[in-house]
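First the structure, which I've put down as structure tokens, then a few questions once you've had a look.
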Amino acid sequence: MEDTISGILSPVLTPIEDGVVKTDLVPKSVAFTQLCGCHGLIAAGTGVQETVALTVSERKDLIEATIDASDERPVLAGVSHPSTSVAIELTAHAESIGADGILAMPPWGLPPSDAAIERYYESISEATDLPILLYNNPSVTVDLSTETMRRIARYENVEYIKETSRNWKKIAWLIENIDNAGLASVFGTMDVLLPVLAAGGQGAVIPAPASSPAMRVYEAFKNEELEAATEAQRSFVDFPPAEVDVGLMSAVKAATNLSGVPIGTPRPPYSPVSDEGCAAIERWLAREKIPSLEGITS
């Protein structure tokens with residue numbers, strides 16, 4: 001990747017029908033993600049993409065389908081896995097099909113030590129020349145300490161860090177000691193997008209359709225329109241709506257379906273959004289003027 005990435009990185013949601021991954025619907029999921037707005041795409045790499053519920057073969061197919069369907073925007077391929085050898089296998093596959101970078105969460109399952117996590121990232125780093133996004137997501141795997149993240153950021157091709165927590169003290173430390181120190185670019189999540197930008201961070205990892213107001217936040221901030229950026233940031237206060245009690249992944253899948261993209265429900269055992277929750281999401285979509293794929297792509 002010739003240029004570094006900043007702004008909104010958007011995970012492409014996984015189409016699933018009756019528990020089966022539908023790679024033929026990935027182009028529609030990619031089209032919607034790009035329509036909502038983003039600066040880069042993520043393939044098969046995050047919690048909202050149901051990564052831990054996918055087989056290695058399914059992830060390879062999803063990564064390839066995402067790259068094939070994307071426009072000029074860069075694509076980061078998810079290679080996270082509890083096994084280092086499988087993570088390296090996914091990395092080699094991503095590099096061979098033209099991914100622009102890779103995303104790696106720490107191993108999940110039995111909590112690894114800090115030393116084991118560092119060896120894991122060192123092995124991935126040594127296996128590729130692609131830029132790496134270190135993805136700290138405690139809801140899926142362990143919560144990395146700031147010092148562990150700084151040590152990993154010193155690896156030559158670890159160029160990006162995404163901190164999923166809303167812990168502002170931690171995020172501010174990462175921006176000051178990793179981003180401002182020139183080690184790696186720091187990204188946050190939608191709830192703290194504007195504060196991250198204001199503190200010198202680079203953006204956030206946010207799935208469609210929440211990426212649509214996120215782009216408004218980013219563009220207003222870059223244009224020094226603080227009032228508009230603040231107003232756009234308020235979009236996230238009630239997303240997912242209170243009527244949704246099954247988590248962000250199910251919420252964004254429901255929102256995407258309601259926006260004309262048939263990506264189905266979460267893979268079992270995870271639950272879809274209730275009718276009441278869908279109605280609340282539909283109201284949010286209308287209020288935020290989220291674009292629909294209906295009538296745009298066949």
Carefully, step by step, assess Arg267 and Glu17 under the rule salt bridge (charged side-chain N to carboxylate O under 4.0 Å, His left out).
CA-CA 8 Å; Arg267 176 170 267 182; Glu17 186 177 291; over 6 Å; no
Tell me whether Leu130 shares a hydrophobic cluster with Ile152, the cluster being built from Ile, Leu, Val, Met, Phe, Trp, Tyr side chains joined at under 4.5 Å.
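Linked, Leu130 and Ile152 end up in one cluster.
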In the single-linkage hydrophobic clustering (I, L, V, M, F, W, Y; side-chain heavy atoms under 4.5 Å), do Leu13 and Ile16 co-cluster?
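Cluster IDs for Leu13 and Ile16 differ.
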First locate atom CD1 of Ile42, then atom NZ of Lys162, and finally report the distance between them rounded to the nearest 0.5 Å.
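Between Ile42 CD1 and Lys162 NZ, I get 8.0 Å after rounding to 0.5 Å.
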May I ask you to check whether Asp61 and Thr23 show a side-chain donor-acceptor distance below 3.5 Å?
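Absent: no donor and acceptor within the cut-off.
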Any chance CG of Asp71 has more than 12 other-residue heavy atoms, nucleotides or ligands included, within less than 6.0 Å?
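Enclosed: over 12 neighbouring heavy atoms sit under 6.0 Å from CG of Asp71.
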Can you name the closest pair of heavy atoms from Val273 and Cys278 and give their distance?
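That closest heavy-atom pairing would be CG1-N, 3.5 Å.
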Start with the C-alpha gap between Asn136 and Thr164, add the side-chain angles, then the distance that decides, and say whether side chain to side chain donor-acceptor pair (under 3.5 Å) holds.
CA-CA 6 Å; Asn136 186 42; Thr164 302; over 6 Å; no
Less than 4.0 Å between a side-chain N and a carboxylate O, is that true for Lys170 and Asp143?
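Looking at Lys170 together with Asp143, the answer is yes, because their closest N to O distance falls below 4.0 Å.
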Treating Glu163 as the side-chain partner and Tyr135 as the backbone partner, does any N or O pair qualify as donor plus acceptor under 3.5 Å?
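Not confirmed, Glu163 side chain does not pair with Tyr135 backbone.
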Taking atom CG as the centre, does Asp24 end up with more than 12 heavy-atom neighbours from other residues, nucleotides or ligands that are less than 6.0 angstrom away?
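Yes.
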For the backbone of Leu183 and the side chain of Arg154, can you confirm whether one donor and one acceptor N or O come within less than 3.5 Å of each other?
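No; zero donor-acceptor contacts below 3.5 Å.
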With no hydrogens and no angle check, just 3.5 Å: does a side-chain donor-acceptor pair link Glu50 and Thr14?
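No, Thr14 and Glu50 have no side-chain donor paired with an acceptor closer than 3.5 Å.
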Minimum heavy-atom distance between Leu285 and Ala255, given as atom pair plus value:
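Scanning both residues, the minimum pair turns out to be CD1-O, 3.8 Å.
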Examine distances only and state if a side-chain atom of Tyr120 and a backbone atom of Pro82 form a donor-acceptor pair shorter than 3.5 Å.
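Not at all, since once roles are kept as given, no pair shorter than 3.5 Å links the two residues.
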Polar side-chain atom of His39 near backbone of Ile8 as donor-acceptor pair, under 3.5 Å:
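Pair found, side chain donor or acceptor close to backbone of Ile8.
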Got Ile132 and Ile124 here, is their nearest side-chain heavy-atom distance under 4.5 Å?
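Yes, close enough: below the 4.5 Å cut-off.
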Between Asp191 and Thr189, is there a side-chain donor-acceptor contact under 3.5 Å, judged purely by atom types and distance?
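Result is no, nothing qualifies.
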Is a salt bridge present between Arg283 and Glu243, judged by a nitrogen-to-oxygen distance below 4.0 Å?
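Glu243 and Arg283: salt-bridged.
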Could you tell me whether the side chain of Leu134 reaches within less than 4.5 Å of the side chain of Leu144, counting heavy atoms only?
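Answer yes - side chains close enough.
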Run the numbers on Leu76 and Ile102 for side chain to side chain contact (heavy atoms under 4.5 Å, CB included), then give the verdict.
CA-CA 5 Å; Leu76 303 183; Ile102 59 174; over 6 Å; no
When hydrophobic residues are tied together by side-chain contacts of less than 4.5 Å, even through go-betweens, does Val158 share a cluster with Val142?
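They do share one cluster, since a chain of ILVMFWY contacts under 4.5 Å joins Val158 to Val142.
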Quick one, Met215 with Cys36, criterion side chain to side chain contact (heavy atoms under 4.5 Å, CB included). Give me CA distance, side-chain angles, the key distance, then yes/no.
CA-CA 8 Å; Met215 287 293 289; Cys36 286; over 6 Å; no
For Ser96 and His93, indicate whether the former's side chain and the latter's backbone hold a donor-acceptor pair under 3.5 Å.
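Between the backbone of His93 and the side chain of Ser96 there is a qualifying donor-acceptor contact (under 3.5 Å).
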Step through the shown structure and confirm whether more than 12 heavy atoms of other residues, nucleotides or ligands are within 6.0 Å of CZ on Arg166.
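Yes, enclosed.
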Please determine, by modelled atom types, if Asp114 and Thr148 share a side-chain donor-acceptor pair under 3.5 angstrom.
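Result is yes, a qualifying pair exists.
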Of all the heavy-atom pairs spanning Leu35 and Ser292, show the shortest one and how long it is.
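Closest pair (atom of Leu35, atom of Ser292, distance): CD2-O, 3.8 Å.
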Would you say Asn223 has more than 12 foreign heavy atoms packed within less than 6.0 Å of its CG?
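More than 12 heavy atoms, drawn from other residues, nucleotides or ligands, come within 6.0 Å of this atom.
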Any side-chain heavy atom of Asp129 sitting closer than 4.5 Å to one from Asn157?
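Not touching, per the 4.5 Å side-chain cut-off.
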Glu288/Arg216 under side chain to side chain contact (heavy atoms under 4.5 Å, CB included): CA gap, chis, key distance, verdict
CA-CA 11 Å; Glu288 296 301 324; Arg216 297 201 301 270; 2.6 Å; yes
Work out which heavy atom in Thr51 is nearest to a heavy atom in Thr46; give both atom names and the distance.
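Residues Thr51 and Thr46, closest heavy atoms: OG1-O, 2.9 Å.
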Just by distance, do the side chain of Gln49 and the backbone of Val12 share a donor-acceptor pair under 3.5 Å?
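Present.
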Whether Arg119 and Glu122 form a salt bridge (side-chain N of Lys/Arg under 4.0 Å from carboxylate O of Asp/Glu) is what I want to check.
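Answer for the salt bridge query: no.
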Less than 4.5 Å apart, any side-chain heavy atom of Ile175 and any of Val196?
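When only atoms from C-beta onward are counted, Val196 and Ile175 do touch, with a gap below 4.5 Å.
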Is it the case that the side chain of Tyr155 and the backbone of Tyr121 share a donor-acceptor pair, with hydrogens and angles ignored and the cut-off at 3.5 Å?
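Checking the backbone N and O of Tyr121 against the side chain of Tyr155, no donor-acceptor pair under 3.5 Å is found.
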Evaluate the criterion salt bridge (charged side-chain N to carboxylate O under 4.0 Å, His left out) for residue pair Glu219 and Lys222; output intermediate values, then yes/no.
CA-CA 5 Å; Glu219 290 166 359; Lys222 290 300 179 180; over 6 Å; no
In the structure I gave you, are the side-chain heavy atoms of Glu159 and Ser185 within less than 4.5 Å of one another anywhere?
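Glu159 does not reach Ser185 side chain to side chain.
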Taking the side chain as every heavy atom from C-beta outward, state whether Glu231 and Glu225 have any pair of such atoms under 4.5 Å apart.
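The answer is no, as the side chains (C-beta and beyond) never meet within the 4.5 Å cut-off.
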Can you measure from CG (Leu193) to CZ (Phe221) and round to the nearest 0.5 angstrom?
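That separation rounds to 9.5 Å.
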Look at the side chain of Arg59 and the backbone N and O of Ser80, then say whether any donor-acceptor pair between them is shorter than 3.5 Å.
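Judged by distance alone, yes, a pair lies under 3.5 Å.
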Can you tell me how far the OG atom of Ser125 sits from the CD atom of Glu118, to the nearest 0.5 Å?
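It comes to 12.5 Å.
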If we ignore hydrogens and angles and just use 3.5 Å, is the side chain of Trp284 paired with the main-chain N or O of Ser235 as donor and acceptor?
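Confirmed, Trp284 side chain pairs with Ser235 backbone.
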Any side-chain heavy-atom pair from Asp179 and Tyr160 closer than 4.5 angstrom?
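Result no, sub-4.5 Å side-chain heavy-atom pair not found.
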About how many Å separate CD of Glu282 and CG of Asn257, when rounded to the nearest 0.5 Å?
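That separation rounds to 11.5 Å.
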Would you mind reporting whether Pro272 and Ser250 have side-chain heavy atoms less than 4.5 Å apart?
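No, too far: nothing below the 4.5 Å cut-off.
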Test of understanding: clusters of I, L, V, M, F, W, Y form through side-chain heavy atoms closer than 4.5 Å, transitively. Do Val20 and Leu25 belong to the same one?
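Unlinked, Val20 and Leu25 end up in two clusters.
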I need the minimum non-hydrogen distance between Phe236 and Pro213, along with the two atoms involved.
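The pair with the smallest heavy-atom distance is CE2-CG, 3.8 Å.
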When you compare the side chains of Ser85 and Ser83, does any donor N or O come within less than 3.5 Å of an acceptor on the partner?
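Yes.
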Separation of Met149 CE from Leu174 CG (nearest 0.5 Å)
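CE of Met149 is found 4.5 Å from CG of Leu174.
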Joint cluster assignment, Leu41 & Ile263, ILVMFWY side-chain distance < 4.5 Å
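Hydrophobic grouping puts Leu41 apart from Ile263.
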Per the side chain to side chain contact (heavy atoms under 4.5 Å, CB included) rule, which among Val246, Leu248, Asp245 passes with Pro240?
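Only one of Val246, Leu248, Asp245 forms a side chain to side chain contact (heavy atoms under 4.5 Å, CB included) with Pro240, namely Leu248.
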What heavy-atom pair brings Pro268 and Gly19 nearest, and what distance separates the two atoms?
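So the minimum-distance heavy-atom pair works out to CD-CA, 4.3 Å.
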Approximate separation, where rounding is to 0.5 Å, of Ile290 CD1 and Ile281 CD1
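If we round to the nearest 0.5 Å, Ile290:CD1 and Ile281:CD1 are 11.5 Å apart.
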Using only atom types and a distance under 3.5 Å, with no angle test, would you say the side chain of Gln233 pairs donor to acceptor with the backbone of Ala228?
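No: the side chain of Gln233 does not pair with the backbone of Ala228.
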Stepwise, does the salt bridge (charged side-chain N to carboxylate O under 4.0 Å, His left out) test hold for Arg287 with Asp238?
CA-CA 11 Å; Arg287 188 193 76 195; Asp238 56 353; 2.6 Å; yes
